[in-house]
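Notes for the one structure printed next.
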Amino acid sequence: MRVISSSNLLPVCSQRMARVALVLLALLAFAGTTSGQTASEPALPYSPSLDLASMDKSIDPCVNFYQYACGGWRQKNPVPADQTSWSVYGKLYQDNLNFLRGILEQASDSSNTRDAVTQKIGDFYAACTDEAGIEKSGLEPIKTELDAITQLKSVREIAPLVARLQLATGGYRSILFRGGSDQDPDNSEQIIASLDQGGLGLPDRDYYTKEDAKSKETRERYVQHVRMVFELLGDSAETAKQNAETLMRMETALAKASLTRVERRDPYKLKNKMKIPGLEELTPNFDWKTYYSVLQYPKIEILNVTALAFFKQVNASLASETLANWKTYLRFHVADSSSPYLSAKFVQENFEFYRKYLRGAKEQEPHWKRCVRYTDYMLGEALGQAYVRKVFSPELKQSTLDMVRHIEDAMAKRIEGLDWMSAETKQQALVKLQGIRNKIGYPDKWRDYGPVKIVRTEFLGNVQRATEFEHRREIAKIGKPVDRGEWFISPATVDAYYNPQMNDINFPAGVLQPPLYDAKMDDAPNYGNTGGTIGHELTHGFDDEGSQFDAKGNLKNWWKEEDRKKFDGRTKCVSDQYSQYVMVDEVHINGELTKGEDVADLGGEILAYMAWGAATAGKNLQSTDGLTPEQRFFVGFAQWACANERPEDLRVRAQTDPHSPPEYRINGVVVNMPEFARAFSCRTGQPMVKPAEKICKVW
């Protein structure tokens with residue numbers, strides 16, 4: 001992922017997307033009025049891909065290259081009060097929100113002529129921005145769910161209720177666990193049913209298990225948050241306190257049985273295929289037949305249960321916890337997951353804990369920003385149709401694809417030239433590279449949101465119906481061939497990703513903007529920035545996780561044993577290097593968690609440098625603005641990562657984010673590239689220069 005921090009983006013909660021390795025990508029610039037845009041609409045502002053004003057030339061690039069390239073930007077761009085971090089990507093994301101706002105405000109005007117798609121996104125946005133109507137509704141939007149919980153008569157009835165609650169509240173988090181569909185890890189052409197761990201209110205299982213002072217403080221603060229939610233539901237202070245303690249105890253048991261994020265990087269640990277009788281034997285206290293019947297699953301021939309210990313704990317908790325305790329658990333998760341869509345008191349409490357305390361934001365985002373994000377998250381391909389009509393052209397799509405292919409050619413040469421890999425494994429790596437699908441801009445076939453009922457006066461109702469539509473769409477895939485054309489993020493998203501089971505790279509229209517690629521600039525910074533990102537994407541197919549899938553996306557070993565050992569040793573060099581870096585205060589980077597992204601950062605920039613050299617071979621390149629072409633390449637690379645981050649946000653990311661902080665995503669790469677030392681005439685022994693024998697070399 002090339003995005004500095006995804007904390008401001010809505011989470012993608014599908015089972016499949018949980019294992020998708022993300023990486024941001026932007027390829028061609030357009031500024032001012034874009035294709036199909038009228039003069040009255042907001043323009044996407046122009047920012048150059050190499051900005052001299054963003055640099056701090058008082059810093060020696062051989063001592064701290066990141067600060068040299070980004071020091072000026074960091075000084076001029078403090079974190080806004082409503083943000084948890086601020087970066088080049090964060091600003092681009094905010095610019096895109098403003099652009100989408102213009103589309104949605106036009107679409108929400110019912111006096112305009114609107115087609116079916118425009119009407120849906122417009123009415124959804126109108127319902128969200130109707131703050132008075134939301135306030136007047138109070139708890140009514142979740143009354144049906146709360147009443148159903150109150151009416152539970154036995155623990156055995158939890159299964160059908162959980163099924164109904166998952167349909168209505170799956171947008172932000174899972175109720176007890178995640179259920180849905182996924183590609184068969186052994187046959188990537190087929191979709192099977194899947195189950196995964198979940199059911200927690202804190203960002204990660206480690207928040208419940210670590211015993212350092214900050215983790216203990218966070219748990220205490222979380223219990224306070226839970227208590228406040230119960231009080232907002234109408235409980236007395238004493239009852240709310242008792243309920244919060246019950247909830248924390250139940251979640252802690254689930255957390256301790258959950259896989260860690262590092263463990264989840266091993267796809268073999270997530271592969272536990274079984275039939276329904278095996279699932280019933282694993283968790284006999286949960287009525288699976290009724291659960292799947294309520295959700296209207298097709299016949300399940302086989303399913304994959306990613307976390308066996310977690311479901312054993314679910315089974316144990318069903319036996320040991322009283323019905324009253326389960327009602328407490330379910331009431332909280334319904335209310336807390338719905339809080340962003342409820343009245344102001346719920347919204348504020350949600351902000352106070354999740355964004356202010358956990359991540360350091362000082363102020364709530366303006367309401368319109370949240371409504372734009374919710375619309376994009378819930379009706380992404382509907383909003384995407386309106387978006388691409390205004391900003392995306394066939395020429396842009398073709399130019400993007402051309403650049404991707406140039407980097408793929410460089411990767412093929414890199415694989416062929418590796419001195420540590422056997423010819424047999426090289427051949428399989430090239431087969432995988434050739435099998436990668438490149439999806440640019442938007443899907444060839446748009447998702448049909450026709451079944452989703454959108455009402456201008458029912459905001460949370462719209463969210464629930466959109467959530468149910470998506471959940472049922474996932475269920476309906478089971479037993480069917482994989483749709484290779486499907487996208488898992490919207491066209492307007494400022495993000496992109498590589499999916500190891502699809503073996504595809506997806507570049508939505510939302511990131512095809514400057515400053516990530518700038519048509520006004522020379523090749524050097526564009527290859528440093530965008531070329532590195534493309535290479536990063538490709539390398540994800542060959543990182544510690546992606547390298548375990550073959551060209552078709554099957555979990556299959558295509559390595560000779562001795563080559564795999566060499567590969568593991570080389571990636572260990574990377575993880576050991578990054579584990580030495582301090583992320584915030586006393587917290588170090590978890591090099592095992594960030595290994596895949598760190599390997600992709602390094603491999604991507606090496607590929608970009610190769611491709612740039614091939615693209616400019618024979619050209620008389622000149623220095624510009626006091627920088628040589630080689631220096632411009634590396635400054636262009638660094639400036640995508642210019643950022644300021646709150647320490648609170650860094651603490652969350654240290655436990656949950658598989659990406660290193662921006663400084664180390666730059667400095668950690670250039671120390672492994674002798675080309676950088678030559679470009680800036682760095683001397684042996686300087687901080688940005690590694691001894692030759694310690695340089696990490698993977699791809």
Side-chain angles (χ1 to χ4, degrees), residues 127 130 133-179 198-199 201 225-247 250-251 285-287 290-296 314 317-318 321-347 349-350 378 452-455 457-472:
D130 180 14
I134 294 172
E135 200 67 27
K136 184 178 179 181
S137 296
L139 284 173
E140 187 63 28
I142 58 172
K143 186 176 184 301
T144 299
E145 288 76 24
L146 294 175
D147 287 347
I149 294 170
T150 300
Q151 293 164 12
L152 271 176
K153 297 296 191 298
S154 70
V155 173
R156 194 67 179 172
E157 293 179 0
I158 287 176
L161 179 57
V162 164
R164 292 193 292 272
L165 295 180
Q166 286 179 347
L167 283 179
T169 60
Y172 268 105
R173 84 171 59 129
S174 59
I175 299 292
L176 190 56
F177 58 83
R178 301 184 191 280
H225 165 68
V226 176
R227 177 174 55 80
M228 286 300 301
V229 171
F230 280 119
E231 289 188 18
L232 289 173
L233 287 173
D235 292 357
S236 68
E238 181 58 30
T239 299
K241 180 176 181 296
Q242 294 174 0
N243 286 344
E245 292 170 354
T246 297
L247 185 284
M250 294 178 71
E251 286 191 2
N285 295 324
F286 192 85
D287 187 352
T290 303
Y291 170 83
Y292 284 125
S293 175
V294 169
L295 290 172
Q296 300 175 357
V314 169
S317 294
L318 287 168
E321 298 289 351
T322 65
L323 179 62
N325 290 347
W326 279 110
K327 289 182 179 182
T328 295
Y329 174 88
L330 295 172
R331 284 179 70 225
F332 171 75
H333 280 281
V334 165
D336 200 48
S337 63
S338 302
S339 288
Y341 318 115
L342 290 171
S343 59
K345 290 182 179 180
F346 282 92
V347 172
E349 177 56 33
N350 185 271
M378 297 292 174
V452 184
K453 180 182 177 182
I454 302 297
V455 181
T457 57
E458 298 179 7
F459 176 45
L460 182 51
N462 293 335
V463 171
Q464 292 171 336
R465 289 185 288 270
T467 299
E468 178 174 352
F469 164 80
E470 182 59 27
H471 203 119
R472 292 201 182 281

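Worth saying up front: this structure is predicted, and the values here are computed from it rather than measured. Heavy-atom basis, side chains included; hydrogens, waters and symmetry copies ignored.
Closest approach of Gly199 and Tyr329 over heavy atoms only: O-OH, 2.8 Å. Pairing each heavy atom of Ala335 with each of Val229, the nearest pair is CB-CG1, 3.8 Å. Considering all non-hydrogen atoms of both residues, Leu232 and Leu139 come closest at O-CD1, 4.2 Å. Taking each heavy atom of Leu318 and Val155 in turn, the nearest pair found is O-CG1, 3.6 Å. Listed here is the closest heavy atom pair of Ala127 and Val455: CB-O, 3.7 Å. Among all heavy-atom pairs drawn from Gln166 and Tyr291, the shortest one is OE1-OH, 2.6 Å.
For residues 232-243, every residue pair satisfying the salt bridge (charged side-chain N to carboxylate O under 4.0 Å, His left out) rule, not counting sequence neighbours, is listed here: Asp235-Arg331, Lys241-Glu245.
Ile175 pairs with exactly one of Leu167, Leu330, Leu161 by the side chain to side chain contact (heavy atoms under 4.5 Å, CB included) rule, that one being Leu330.
Remark: side-chain polar atoms of Arg472 are paired, donor with acceptor, to backbone N or O of Leu295 under 3.5 angstrom. When atom types are taken as modelled, the side chain of Glu145 and the backbone of Ala168 share no donor-acceptor pair closer than 3.5 angstrom.
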Pair Asp336-Phe346, side-chain contact (heavy atoms from CB on, under 4.5 Å): steps then yes or no = CA-CA 8 Å; Asp336 200 48; Phe346 282 92; over 6 Å; no
message = I'd like to know whether Thr467 forms a side-chain contact (heavy atoms from CB on, under 4.5 Å) with Thr169, so could you lay out the CA-CA distance, the side-chain angles of the two residues, the decisive distance to 0.1 Å, and finally the verdict.
response = CA-CA 7 Å; Thr467 299; Thr169 60; over 6 Å; no
request  = Please lay out, stage by stage, how Thr328 and Gln242 fare under the test side-chain contact (heavy atoms from CB on, under 4.5 Å).
outcome  = CA-CA 10 Å; Thr328 295; Gln242 294 174 0; over 6 Å; no
task = Test side-chain contact (heavy atoms from CB on, under 4.5 Å) on Leu233 and Phe332 and set out the steps.
result = CA-CA 9 Å; Leu233 287 173; Phe332 171 75; over 6 Å; no
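Residues Met378 and Asn462 fail the side-chain proximity criterion, which asks for heavy atoms closer than 4.5 Å. Two residues are said to be in side-chain contact when any heavy atoms from C-beta on lie closer than 4.5 Å; Ile149 and Val334 meet this criterion. Side chains of Leu460 and Ser338 form a contact here, defined as non-hydrogen atoms less than 4.5 Å apart. Inter-residue side-chain proximity for Lys327 and Leu152 is flagged as met; some heavy-atom pair is nearer than 4.5 Å.
Between the CD atom in Gln296 and the NE2 atom in His471 there is a gap of 11.5 Å [rounded to 0.5 Å]. Within the model, atoms CZ of Arg156 and CG of Asp287 stand 4.0 Å from one another, a figure rounded to the nearest 0.5 Å. Residue Leu165 holds its CG atom at 10.0 Å from CD of Gln464, rounded to the nearest 0.5 Å. The CZ atom of Phe230 sits 5.0 Å away from atom CG of Leu247, with the distance rounded to the nearest 0.5 Å. The CD atom of Glu157 lies 10.0 Å from the CD atom of Gln151; values are rounded to the nearest 0.5 Å. Remark: Leu146 CG to Glu140 CD distance equals 10.5 Å, nearest 0.5 Å.
Between His225 and Glu349, the side chains place a donor N or O and an acceptor N or O closer than 3.5 Å (distance only, hydrogens not considered). Judged purely by distance below 3.5 Å, without hydrogens or angles, the side chains of Glu251 and His333 pair a donor atom with an acceptor atom. Side-chain contact check for Ser236 and Thr239: at least one donor-acceptor pair (N or O, by modelled atom type) lies under 3.5 Å.
Lys453 has no carboxylate O lying under 4.0 Å from a charged side-chain N of Glu458, or vice versa, which leaves the two without a salt bridge.
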